[in-house]
Q: 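The structure's right below; bear with me while I get my questions together.
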Amino acid sequence: MDKRLERILPRVQKPARYVGGEYNEVQKDKRDVDVRFAFCFPDTYEIGMSNLGFRILYAVMNDLPGVWCERAFAPWTDMEAQMRAAGVPLYALESGDPVGGFDIIGFSVGYEMAYTAMLNMLELSGVPLRSAQRPSLAPLVVAGGTAMYNPEPVADFIDLALIGEGEEQLPELIALYRRAKGEGWDKPRFLRAAAGIGGVYVPSLYEISYNLDGTVSAITPQEGAPERVYKRAVSDMDRSRFPTKTIVPSTEIVHDRVTLELFRGCIRGCRFCQAGYVYRPVRCRSRELLARYGQEAIEDSGYQEMTLSSLSTSDYPELAGLCDDLAAFCGKNHVNLSLPSLRADSFSMELMERLQRGRKAGLTFAPEAGTQRLRDAINKNVTEEDLTASLRTAFAGGWSAVKLYFMLGLPTETDEDVLGIAEMANRAVHTWREYASNKNRPLRLTVSTSWFVPKPFTAFQWEAQIPREEYERRVKLLREAITAKAVTYNWHDGETSFLEAVLARGDRRLCAVLEEAHRRGARLDAWSDCFDLNRWLEAFSACGLDPAFYANRERSRDEVLPWSTISCYVSEDFLWRQRELAYASVTTPDCRTRCSGCGANVVEGGECYHG
Amino acid sequence: MGKLRLLFAKEGRAVYISHLDLMRTLQRVFLREGVALRHSQGFHPHPVLSIALPLSVGQSSRCEILDFETLEDLEGEELVRRLNRSLPEGLLARSCYVPVWPVRELEKLQCRVELLYDAGVRAGAAEAVKDLLSRESVVIRKRTKRKAMAELDIRPLLHSLEVREELGALALEAVVSAQNPGLNPALLAAAVEAHLPDLAPDFVRVRRLEALDKRGETFR
Ligand code: SF4
C-alpha cells in the first residue's frame, strides 16, 4: 500500500471503504492487460457499491480479455482533505494506481446532483476538467447512466457519452480504443470513429447555436457525426450478463444484499417518470434463470437478504411463481426475500404477507397525487379503492407503519389536489381504526411529498417547475390540512429539487456554471450536509445565466431541446400526445393491455409483446 | 457438532475492517462455505461467534482468535482450506482446532510497535525510549469511553520490552497485558509522545505477534 495512504487512513472515518481487497474483487496481472479502465462512481463507496448497474458493467468489462476494470468512488470530505494535504491523487481500489494514469476513465452517472462529484474526481486525479484541455488519447473520459440521456451540462468535460444500457456499446468502444492505441491514432481521429458506434455521443462533434432569447436555435453535427444518437439496449435479457459472483464489501453499504434484476423497463407509463420512458420496452428474464441466479448469488456471497428489483416489481408476469421457486431455498437458508416497490393492489399484498412471514416491516405506497383526476393526468393508475383495500389488508394483517409518497407541483395541480393528499391520509387513519387487528400498537402513518422535477424524455419535458414560493405555499397548505395526530408529514427541502430541475434540462452553457460551482466548493451535492444552493446561485450570476430560465420556463412544442440529438426511441410526438392527454386527464393503458405506439418496439425488433 | 477455535491473521488491506464489520464478514464466510453454525436462542437468533480480543482498526495481527460452534463435526485442516478460499484479502485462516483453554487464560500479548521517523532516528533514541518505559510508573492521559480524559499508568501492564533501531524506525517488541485490563500497544507510542516530545514519531505501526498465557507460553 502507498505509504502516504497508510498515513492518512487512520485519520478518516470508515477507512475500509478506501482500500478495496473485498471478496470477489477482480485482480489481474498487469502484463496481461492492455486497456485499463477506471470505473468511477461520483458518490460514496456505500452508494456506488449498492448500484446494480455498476456491478453488472464491472463484470462485463472484466470478462473481456486484456481489459482490467477497477473501481474508484468519491472520497468523503474528511478523506478528500487528507488526500489533498498529503498529495495523494485519486486511486483505483484494485491496484491502488492513480486514476489519472488509466486509459479510460468512465463515470456512471445516475443523477444530476452527482455532476460536481464527477468534476471533483477528475480534479483529484490530476486530470484537466475540460475535454479540450486533454489533447492526448489517454485518459479518455467517458460517462454513461440515466443522467446521460441529457449529457449537455457536462458536454465540455467528457470526451463521449454512452447512451443506454452500456453493456452493449462498452465492449465495442474498448475494442476501438485498443485499436487506436495500437495504431497510434490521435484523439480527434479516435473520437470521429467512436461516433460511428451506435449509442456513442461525442459532444465536441456537435455545434450548438443559440437564439437571442437563450434557447437553442440549432444543433449541427460535424465531421460525419450522426444526426441522432439512439440508445443501446439489451434485447434478450436471458443472454445479458447477470453477475452472481460479485464483490461483497467488507464494510456496511446502503443495499447490503443480493439484488436480483427481474426485468428492465416498465409497462405503466407514468407521465413524469424518466426511467419509465427511457428504459422502454419491458424486457424480462425468465423465471428459471432468475431462480438459479438468486440461489447462486446467495450461495456465493453469504448474504441473507435478497431483493427482487425492477422499476415495478409486481408487474413481473410470473412473480408469484418465482417467489415460490426462491422460497424453498431461502427458507432453508434463512434468507429474507423482499420486494422494493409495491403497487397498491391485492395481488401485491398477498405476496407481501407470504414473503414477510410474520415480520411486519413498514409498508410503502406511492399514490403520487391526492385526487383521482390528477392521478389520471399523470397516468398513475392507482385508485383510492385499490389503496384502501391494500391498507385494509395491511392493517388487518398487523401492519402499523405505512408510508405514503406524493409529489407537489405536478402539472395541472390545484389546491384541491393538494388537499386531497390530506384527505387520503385521514381516510387511511379511519381504515386503521376500523380494521387494525392490534390497536395497542399505534398507527404510524408518514406522508412524504417531494417537489416535482420535470425531466427530459418524459411527457412533462416541456413543463415549468412551479416557483419556489408556490411550492412552499402548497407545503404549508398541506401541513395545515393534515390534522390527525397519527400522521407525520415530511416534505423535501426545495433547494435540491430546484437545482435538479435546472441541471436536468440544462444545455451546454451550464458547463461553465458547474465548473464555477465546483471551484466555489460544490462537491457531494447529493448530500444535504454538503449542498449549498447559494454557492450555485453565485456561480450562475458569475456566468451571467439565470437558473429560472432552465427550471421555471415552459418550453414550446417547436423549441429545439438541448437533448434532441439523443433518442431513447420513444418519439417526441408520442410524448407530446401524452402531455395533451395529461391535460385532459385521460389515461393511457399499460403496454401489456395495449400498445400505444411509442416507438420503443424497435429494441425488440418488432412487437414488444408476443402472443 | 462442536466448539472450534480459529487462529487467523488480519493484515494488509484487511486491517481497516472494523470489529463489527469483521463479525459480519466472518458470518458470511461461513455461509459461503455452507458451514452451519450454532445460533443463539431467542427472538433474533444469530450465530454464536466470538473474537477473543477485538483489534483496533489499523493494527495488524497474526494471532487473532475466533471461537464458534458448528452443527456438524468438521475437520480443522479441511475447514482452514475452505475458509481461506472465501475470506477477503488480508484475512488468513492459520489453524483450526478444538480449544482446550478458555479465552480468559489468554493473559498477555506479544506485540511489535514501530515508531517511524521520516528524518531518521536520532542518536540515543532507543536508549531514551527504553529508559522511559523502564521507569516505575509511566502515566499518560487517555480518552475514556465516555470521552473524558483520564490518567493511566501503563507501566504495570507492560511486562517486557526490547527496543531496536532499524532503518528510519524504532522497533519496540513488547509483552503487554491482554485483558482485565489490557494495554493497547499503541499507548506505548502515546507515552513516548507525551514524555519525550522530541522523539514523537511521524507514524506508528502496531502488530500483534503472539497470544500468551500467564506463564508466557503460546496460547492456543
Ligand atoms: S412500443 Fe408499445 S408496447 Fe412497446 S413500449 Fe412502446 S407503447 Fe409500450
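Here is the naming used below: chain letters follow the sequence lines, and residue numbers restart at 1 for every chain. Note that this is a predicted model, so its numbers are computed, not measured. Basis for what follows: all heavy atoms, side chains included, without hydrogens, waters or symmetry-related copies.
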Q: Could you tell me whether B:Gln41 atom CD has more than 12 heavy atoms of other residues or ligands within 6.0 Å of it?
A: no
Q: Minimum heavy-atom separation for A:Leu93 to B:Arg13, with atom names?
A: O-NH1, 2.8 Å
Q: Under a plain distance cut-off of 3.5 Å, with no hydrogens placed, do B:Asp21 and A:Thr251 share a side-chain donor-acceptor pair?
A: yes
Q: Hey, what do you get for OH (A:Tyr303) to CD (B:Gln27), rounding to the nearest 0.5 Å?
A: 12.5 Å
Q: Can you name the residues of residues 11-32 of chain A that have some heavy atom under 4.5 Å away from a heavy atom in chain B?
A: A:Pro15, A:Ala16, A:Val19, A:Gly20, A:Gly21, A:Glu22, A:Tyr23, A:Glu25, A:Gln27
Q: At a 4.5 Å cut-off on heavy atoms, which part of B:Thr25 comes close to chain A: side chain, backbone, both, or neither?
A: side chain
Q: Step by step, work out the side-chain contact (heavy atoms from CB on, under 4.5 Å) result for A:Glu252 and B:Leu20.
A: CA-CA 9 Å; A:Glu252 206 171 6; B:Leu20 209 72; 5.8 Å; no
Q: When only heavy atoms count and the cut-off is under 4.5 Å, which of residues 196-204 of chain B reach chain A?
A: B:Asp202, B:Phe203
Q: Strictly less than 4.5 Å between heavy atoms, which residues of residues 291-302 of chain A line up against chain B? Please order them by number.
A: A:Glu299, A:Asp300, A:Ser301, A:Gly302
Q: Within residues 42-75 of chain A, which positions have a heavy-atom distance to chain B below 4.5 Å?
A: none
Q: So for atom CD, which belongs to B:Gln179, do other residues, nucleotides or ligands contribute more than 12 heavy atoms lying within a distance under 6.0 Å?
A: yes
Q: Determine the sole option in A:Arg7, A:Lys3, A:Glu6 for which the side-chain contact (heavy atoms from CB on, under 4.5 Å) test with B:Leu116 is passed.
A: A:Arg7
Q: Under a 4.5 Å heavy-atom cutoff, which of B:Glu89, B:Glu33, B:Arg32 has the most pairs with chain A?
A: B:Arg32
Q: Look at atom NZ of B:Lys142 and say whether more than 12 heavy atoms of other residues, nucleotides or ligands are closer to it than 6.0 Å.
A: no
